[in-house]
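Values below: all heavy atoms of this structure, side chains included; hydrogens, waters and symmetry mates excluded.
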Amino acid sequence: LDWKRQPQERVNIHTSTNTSTNTNTPLRAFQRISRINFKSCVCMLLLSLTHSRLIITSAFRSTHTAAPFRHKYKQHLHQRHLPKVIQKPVISSSQNHPRYFGTTYTHSSTLSSMTVPQHEHEETKSATATATATTTAKLISTSSRSMSQAGERIRSGHLVSFPTETVYGLGCHAIDPTAVHRVFQAKERPLTDPLIVHVNHASDALALWDASSSSNDNDNNNNNDSTTNLERNALQALTDHFYPGPLTIVARASPDIPQIIMANTGFVACRSPSHPIARALIQASRVPIAAPSANKFGHVSPTKAAHVMDDLGLEDVWIVDPDLIDVEEGGDGRVTTDGAQDGVVCNVGVESTVAKVEMISEILGRVSILRHGAVSSQEIRDCLHAADLSGYFEVKEKMQATGENVSHVAPGQTIRHYSPNVLSYMVSHDRYTSSGTGDWSEDEISLLKSAVVIDFGGRLASLKNDSLAYRDLSAGGDSSVAAANVFDSLRWSETVEGAQRVYFPEILVRDDMDVSSEKKEAL
């Protein structure tokens, strides 16, 4: 076996075409894994000798696995790392309060009157399911019947994956702690990484935040606090301008929000998607839907139903596929994806911008950009200026990268995120020219032959003939087109046989460039 060898010396076991070998055996799966230490290998071998199927939950952490291994053996090991041990959340008495049971959610209803389904004991249910059947994902169409059934599934506390204008989400009943916990389990996501709540209307979003949900009480008591008023006005202005759309707003949560969805920070993230399928599912479910990206934690976000199936195919989840036709309905009543072209379902293609709204004094507030996305910080400044709030709120960028043991107020803050299975590198601006690889060393050219090039605006076009595979996100340099294709291209790079690395071009954005501030930020 080859675990002692350096990466460049390893035998490429997974490319074998010997169909007579049973490649589903634990030993074969063991051979396909790269970059693991000797102690981990021994643990794996012992497990393979004592179980008919190789099931590993925390024996080792893999930093790199081959793409064919991910697709064929994800039932044994997931592509980025092994499942974390996620403890069942401790649900406070307030989360089990009777006010959560008994009605359904509509545009005008309040959180306190929302239904949360009764669940049987999770340990008993898990043991029964394991003994009786193997759970797999299911593709469904966008027919009216399918969407109605998906809405009922959300209300009952189960998972449905659906497209938004940004990426595919993994949705659940946002006010049901047990349903939320199922999302963390399916994604193997740490409980320190909160979820985003999706609603259809700005008023539904305002009901999730403390400053805006308590406005009626303040008005009735004639005790309006200036700080609360300013925060409420800012939330109102942002939701009125950007909803529906790819902006997630984080603010102090209403007391009715379960702590598990907020990573116990007291702040809840919310947005209103513009994608017609997402909106149809929210309407059918009649509850707010908590939905992170529908992938295994840390992996590249999905923008197609097939991407979700790759990552969550062995989970109990329904996946909405716009290309699937309900035979019994003959395609009638399908939710259409307006503007979708060339197979693009998520037309924005990257995650939403995340902005945190908070007061730092009685008369001054701050909007912190926690994650870049489709909405620029300049657009947020313009919105606040139009609402006469620019004198009270500053807009600052506050990107950070921390470990998975730190609780965050918004997703996308961990060190490793949106990460493909293939090692990725950026080619310096000084190293790519029209002359191609003329000034590259022999070793560099040799590495290029096993590299996939993901280009933008033809910057690395001269490397096309010497690379293993080449794709340009946008030959014309359109950042919107590139964003819609980037996650799909990253997943494509994982499927290229023999790919050992991915090269991207360094993109220089100078202050003296003759483009708008929005264009610079997009680049």
Side-chain angles (χ1 to χ4, degrees), residues 78 80-81 83-91 95 100 114 116-117 119 122 125-126 129 135-138 150-164 166-199 208 248 253 257-265 268-271 273 278 281-282 285 287-299 301-302 305 307-320 351-352 354 404 407-414 417-418:
H78 289 298
R80 291 302 305 171
H81 52 264
K84 297 179 181 300
V85 178
I86 301 179
Q87 299 294 329
K88 182 175 176 61
V90 177
I91 301 176
Q95 293 169 348
Y100 285 102
M114 200 169 298
V116 174
H119 300 278
E122 286 295 303
K125 186 174 182 179
S126 176
T135 301
T136 57
K138 171 185 176 182
E152 174 59 33
R153 180 175 171 83
I154 289 286
R155 283 196 304 278
S156 66
H158 295 278
L159 309 184
V160 176
S161 177
F162 59 96
T164 73
T166 56
V167 298
Y168 258 81
L170 180 61
C172 72
H173 191 323
I175 314 301
D176 179 0
T178 301
V180 174
H181 184 249
R182 286 173 175 151
V183 169
F184 283 96
Q185 287 181 316
K187 282 179 59 69
E188 299 161 19
R189 181 186 184 102
L191 294 174
T192 54
D193 204 18
L195 308 184
I196 297 173
V197 181
H198 294 67
V199 297
L208 299 171
T248 295
I257 306 300
Q259 286 295 321
I260 185 176
I261 210 171
M262 304 181 290
N264 293 300
T265 62
V268 65
C270 182
R271 87 176 187 93
L281 180 62
I282 296 172
S285 67
V287 297
I289 296 179
S293 56
N295 57 315
K296 290 298 181 179
F297 180 75
H299 193 217
S301 296
H307 298 165
V308 182
M309 186 63 77
D310 279 346
D311 278 21
L312 304 179
L314 295 176
E315 305 295 341
D316 183 14
V317 56
W318 288 9
I319 304 170
V320 180
E351 268 81 357
S352 61
V354 176
E404 297 173 7
S407 292
H408 305 99
V409 298
Q413 311 294 296
T414 52
H417 221 65
Y418 320 133

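In terms of the side chain to side chain donor-acceptor pair (under 3.5 Å) criterion, residue partners of T248 (sequence neighbours excluded) are, by chain and number, S352. Residues satisfying the side chain to side chain contact (heavy atoms under 4.5 Å, CB included) criterion with A179, sequence neighbours excluded, are C172, H173, D176. Residues satisfying the side chain to side chain donor-acceptor pair (under 3.5 Å) criterion with T164, sequence neighbours excluded, are T166, R271. For A253, the side chain to side chain contact (heavy atoms under 4.5 Å, CB included) test picks out I257, M262, V268, with sequence neighbours left out. Residues passing the side chain to side chain contact (heavy atoms under 4.5 Å, CB included) test with A291, sequence neighbours excluded: F162, H198, I289.
Atom CG of L312 sits about 6.5 Å away from atom CD1 of I319, to the nearest 0.5 Å. Distance check, rounded to the nearest 0.5 Å: CD1 of I261 to CZ of F184 gives 8.0 Å. Note that CD of Q185 and CG of D316 are 11.0 Å apart. Values are rounded to the nearest 0.5 Å. Distance check: S293 OG to L195 CG gives 10.0 Å after rounding to the nearest 0.5 Å. Interatomic distance, K296 NZ to E188 CD, rounded to the nearest 0.5 Å: 3.5 Å.
Contact annotation: the side chain of L191 approaches that of I260 to within less than 4.5 Å [non-hydrogen atoms, C-beta and beyond]. Looking only at side-chain heavy atoms (C-beta outward), P273 and I282 come within less than 4.5 Å of each other.
In this structure, K187 contributes its side chain and N295 its backbone to a donor-acceptor pair below 3.5 Å. In terms of modelled atom types and a separation under 3.5 Å, the side chain of Y168 and the main chain of V320 share a donor-acceptor contact. Formation of a donor-acceptor pair under 3.5 Å by the R189 side chain with backbone atoms of V183 is not found in this model.
When all heavy atoms of H158 and S156 are compared, the pair lying nearest together is CD2-OG, 3.3 Å. Nearest heavy atom pair, residue M309 against residue A137, reads SD-CB, 3.9 Å. Contact record, S161 with V308: OG-CG1, 3.5 Å, taken as the closest heavy-atom pair.
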Between T136 and L314, does the side-chain contact (heavy atoms from CB on, under 4.5 Å) criterion hold? Intermediate values first, please.
CA-CA 4 Å; T136 57; L314 295 176; 4.3 Å; yes

Before giving the answer on side-chain contact (heavy atoms from CB on, under 4.5 Å), spell out for H299 and D311 the whole-Å C-alpha distance, their side-chain angles and the decisive distance to 0.1 Å.
CA-CA 9 Å; H299 193 217; D311 278 21; 2.9 Å; yes

